[in-house]
Amino acid sequence: MASGSTYLIVRPEQGGILDLAKYLVLGDIRSGVKFLEFENPSGAEQLPVGDHRWVIVVSIIARKIIGFFGKPLEYTGYVVDFFLNLLSQNGNLLGLLHNLLHGKVVIPRRGTQTFLSTIGHLDDRIDLYKGQDLVEQLICDSDSGESSVNLKMGNRALMDLCMMASKLAYENAEVVKDVVHHWKASYSISMHFVDFYNCWNDFQKEMSTQVFILCDKPKDASLILISFRGTEPFDADDWSTDFDYSWYEIPKLGKVHMGFLEALGLGNRTNAETFQYHLQSKAANFSLSKSDDMTGNSSKGPESIPPRTEFGLEKNGSDNSFDSEELASTVIPPEALEVTAYYAVKSKLKSLLKDHKNAKFVVTGHSLGGALATLFPAVLLLHEEMEIMQKLLGLYTFGQPRVGNRQLVSFMEAHLDSPVPKYFRVVYCNDLVPRLPYDDKTFLYKHFGVCLYYDSFYVEQFLLFIVMTCIFSTACILKKVDEEPNKNFFGLRYLIPEHLNAVWELIRSLTMGYTYGPEYKEGWFSILLRILGLALPGISAHCPTNYVNSVRLGKERVVQMSSLERASFLNDG
């Protein structure tokens with residue numbers, strides 16, 4: 001291990017239930033430490049003690065359960081996806097029966113533009129809510145002939161585009177292309193699909209990190225949008241990542257969630273030293289060979305890597321590529337040379353910004369996708385890609401888990417809060433995922449950015465108070481909430497309200513079409529999820545349907561603070 005590397009890996013597989021019981025009930029540190037692998041931090045001191053032991057115990061038990069049901073969950077996902085598409089492609093149940101009788105059953109085929117994901121069936125809306133507003137704000141400067149972006153962060157039309165793109169990221173490439181083409185045909189804007197990637201995820205050891213890119217125009221674009229896929233409902237590894245507390249400490253950046261770094265292709269926990277090579281301040285740029293189009297359909301041909309001297313290796317002639325024997329002897333695993341999300345997207349973004357001189361880019365994602373969307377600009381900053389970062393218009397995430405500690409918060413706020421906020425983190429009501437990983441004295445995971453919190457009535461939370469500036473005048477200071485209520489979810493005092501709210505959400509789902517219009521009507525599959533939410537309110541609240549509705553129906557509410565609250569707020573701020 002290279003000196004200075006600091007990390008903590010929680011490994012549920014390295015201990016048993018008896019070890020957990022000894023640790024939880026008896027406070028036996030020797031039993032608890034069996035679940036940890038660490039380098040340089042304060043070793044066993046990283047383990048919670050006293051009343052905080054249950055935090056790591058819940059995490060380990062959750063990951064053990066998720067791991068145990070991993071394969072059944074995967075097979076269930078295949079069956080559910082097939083059944084939902086079988087129904088939808090045959091005109092639902094009656095249509096399917098009719099086609100069966102006449103021998104005309106349409107068999108769903110994965111990877112086609114008619115095969116939707118589970119998320120797509122939960123919420124089948126594809127139209128942009130304020131598409132024309134977005135068009136009007138992506139204007140062309142007629143005097144100079146150069147396109148420019150006239151979008152402000154916090155703009156609801158832009159936020160809706162980001163949410164719809166975040167939802168679309170769950171679909172296959174053909175569906176994404178089809179929907180982007182629909183947007184182009186429906187609005188007076190040349191929406192242009194750029195590329196779709198299935199990238200290597202080193203936590204899952206497969207090509208499962210999904211991301212797509214689009215522009216508002218094929219030429220002289222004003223806006224580039226990058227959307228990362230979130231947590232798949234039936235993917236055990238995705239859920240395990242959300243419950244994982246493992247971190248790697250990066251100089252200048254701070255402690256960052258290890259699973260999210262792996263999903264971006266920036267190292268792997270099997271050989272934690274690989275993180276150091278990817279996350280140096282001026283990390284070398286991996287580049288794909290010209291024969292590889294960087295999509296999930298590539299042939300995975302040979303790739304070039306940086307000069308070997310940057311990794312303490314000798315060059316062998318002019319060719320900078322490794323053969324298989326060399327790969328086996330280096331600290332860089334073969335998987336690092338697969339198409340990975342960070343390098344593939346960065347390479348394409350550089351090319352797009354070169355072709356579209358006046359364009360700015362937005363990064364977005366729901367759930368796990370939000371975490372990856374947040375880390376992408378963070379690593380760009382770490383790698384001192386300032387030319388790219390000057391073109392960042394903003395970052396929108398929806399139902400995003402925490403990604404790092406307070407040092408990461410300070411680093412990102414220094415770059416994304418000035419001169420205006422560029423990072424908006426949208427949270428719906430009792431969504432469990434934004435409350436993970438835990439924010440406590442042991443794990444130190446923190447949120448940052450402007451939090452737009454919506455309750456189950458789609459009311460956006462604000463704090464408003466008055467500060468006297470002189471005898472004759474006052475100044476209104478408006479501040480959005482820094483953190484969603486019940487920041488760690490599993491508080492006992494929130495248990496009954498969470499389940500009562502789930503009952504209300506079920507009732508609301510039955511009336512949405514009448515209350516807000518037919519486009520808000522929820523189908524039988526969505527209502528079924530609401531019923532499951534009576535037992536698991538934090539999971540059902542995570543559904544993208546809630547986020548689409550929050551963006552489109554959200555209303556601002558001003559909360560007047562008392563004098564004591566104002567004093568406390570000023571002291572904290």
Side-chain angles (χ1 to χ4, degrees), residues 113 116-117 119-140 147 149-194 196 211-218 221-230 359-366 369-370 373 393-399 424 426 428 452 454 458 460 512-513 516-523 526 543-555:
Q113 67 181 39
L116 298 181
S117 68
I119 297 296
H121 285 285
L122 279 170
D123 188 339
D124 60 1
R125 289 173 290 187
I126 61 173
D127 287 320
L128 301 176
Y129 178 54
K130 292 191 175 181
Q132 199 57 46
D133 288 355
L134 187 67
V135 172
E136 292 171 359
Q137 292 164 72
L138 291 169
I139 63 171
C140 178
S147 63
V149 178
N150 188 32
L151 289 170
K152 297 179 180 178
M153 288 304 291
N155 175 282
R156 198 167 294 272
L158 175 60
M159 189 158 65
D160 183 69
L161 172 64
C162 289
M163 182 56 230
M164 295 301 287
S166 297
K167 186 166 72 77
L168 184 59
Y170 287 93
E171 308 300 336
N172 65 64
E174 295 305 314
V175 173
V176 173
K177 291 178 185 177
D178 187 56
V179 172
V180 173
H181 179 76
H182 170 79
W183 290 345
K184 177 180 179 179
S186 299
Y187 311 103
S188 302
I189 185 171
S190 300
M191 196 72 77
H192 175 61
F193 172 82
V194 175
F196 179 96
V211 55
F212 76 89
I213 304 175
L214 61 82
C215 295
D216 65 306
K217 286 178 285 189
S222 299
L223 180 68
I224 300 167
L225 187 142
I226 302 166
S227 180
F228 288 89
R229 178 187 63 78
K360 291 190 176 182
F361 71 98
V362 173
V363 193
T364 191
H366 169 262
L393 176 64
L395 170 63
Y396 273 112
T397 68
F398 306 86
F424 286 77
V426 183
Y428 170 76
L452 304 179
Y454 293 90
Y458 307 120
E460 184 181 306
M512 286 289 289
Y516 297 106
E519 66 270 26
Y520 294 97
K521 182 180 179 181
E522 296 189 20
S526 179
C543 178
T545 302
N546 297 314
Y547 284 92
V548 175
N549 290 345
S550 294
V551 170
R552 298 183 175 190
L553 302 173
K555 302 176 288 292

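These values consider heavy atoms only, across backbone and side chains, with no hydrogens, waters or symmetry-generated copies.
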field: Distance in Å, I119 CD1 paired with E171 CD, rounded so as to fall on 0.5 Å steps
entry: 8.5 Å
Heavy-atom side-chain contact between N549 and M512 under 4.5 Å: yes
Heavy-atom donor-acceptor pair, K167 side chain to V548 backbone, under 3.5 Å: no
Centroid separation Y428 to Y454 less than 6.0 Å: no
- prompt: Which atoms form the tightest heavy-atom contact between A373 and L395, and what is the distance?
  reply: O-CD1, 3.4 Å
field: Side-chain heavy atoms of F424 within contact of L158, under 4.5 Å
entry: no
query: Hey, does C543 have a side-chain heavy atom less than 4.5 Å from the side chain of L122?
result: yes
field: Considering all heavy atoms, the nearest A165-L225 contact
entry: CB-CD2, 3.5 Å
Approximate separation, where rounding is to 0.5 Å, of Q113 CD and N172 CG: 9.0 Å
task: Could you list the residues that satisfy salt bridge (Lys or Arg N to Asp or Glu O under 4.0 Å) with E174, not counting sequence neighbours?
output: K177
message: Using every non-hydrogen atom in the two residues, find where A221 and C215 come nearest and quote the distance to one decimal.
response: CB-CB, 4.0 Å
- prompt: How close do L116 and G120 get, heavy atom to heavy atom, and via which atoms?
  reply: CD1-O, 4.3 Å
Ring pair (Phe, Tyr, Trp, His ring centres under 6.0 Å) partners of F212, counting only residues at least two apart: none
- prompt: Just by modelled atom types, is the V551 backbone N or O under 3.5 Å from a matching donor or acceptor in the R156 side chain?
  reply: yes
- request: Mind listing the closest non-hydrogen atom pair of S166 and T364 along with its distance?
  value: OG-OG1, 3.0 Å
query: Who pairs with D124 by side-chain hydrogen bond (donor to acceptor under 3.5 Å, both in side chains), at least two apart in sequence or on another chain?
result: none
- prompt: What distance do L168 atom CG and F196 atom CZ have between them, rounded to the nearest 0.5 Å?
  reply: 9.0 Å
Distance in Å, I126 CD1 paired with D178 CG, rounded so as to fall on 0.5 Å steps: 7.0 Å
Note, D127 side chain near H182 side chain (heavy atom, < 4.5 Å): yes
- request: Using ring-ring contact (aromatic ring centres under 6.0 Å, His included) as the criterion, point out the one residue from Y547, F228, Y396 that pairs with H366.
  value: Y547
field: Sub-4.5 Å side-chain heavy-atom contact between F398 and C162
entry: yes
- prompt: Looking at CD1 of I213 and CZ of F361, how far apart are the two atoms once the value is rounded to the nearest 0.5 Å?
  reply: 10.5 Å
message: Please report the interatomic distance CG(L223) to NE2(H192), rounded to the nearest 0.5 Å.
response: 13.0 Å
- request: Apply side-chain contact (heavy atoms from CB on, under 4.5 Å) to the pair R125 and R552, showing each step before the final yes or no.
  value: CA-CA 12 Å; R125 289 173 290 187; R552 298 183 175 190; 4.2 Å; yes
- request: Find out whether M164 and W183 are in side-chain contact, i.e. whether some heavy atom of one side chain is under 4.5 Å from a heavy atom of the other.
  value: yes
field: Taking every non-hydrogen atom, the tightest pair across Y458 and S550
entry: CD2-OG, 3.6 Å
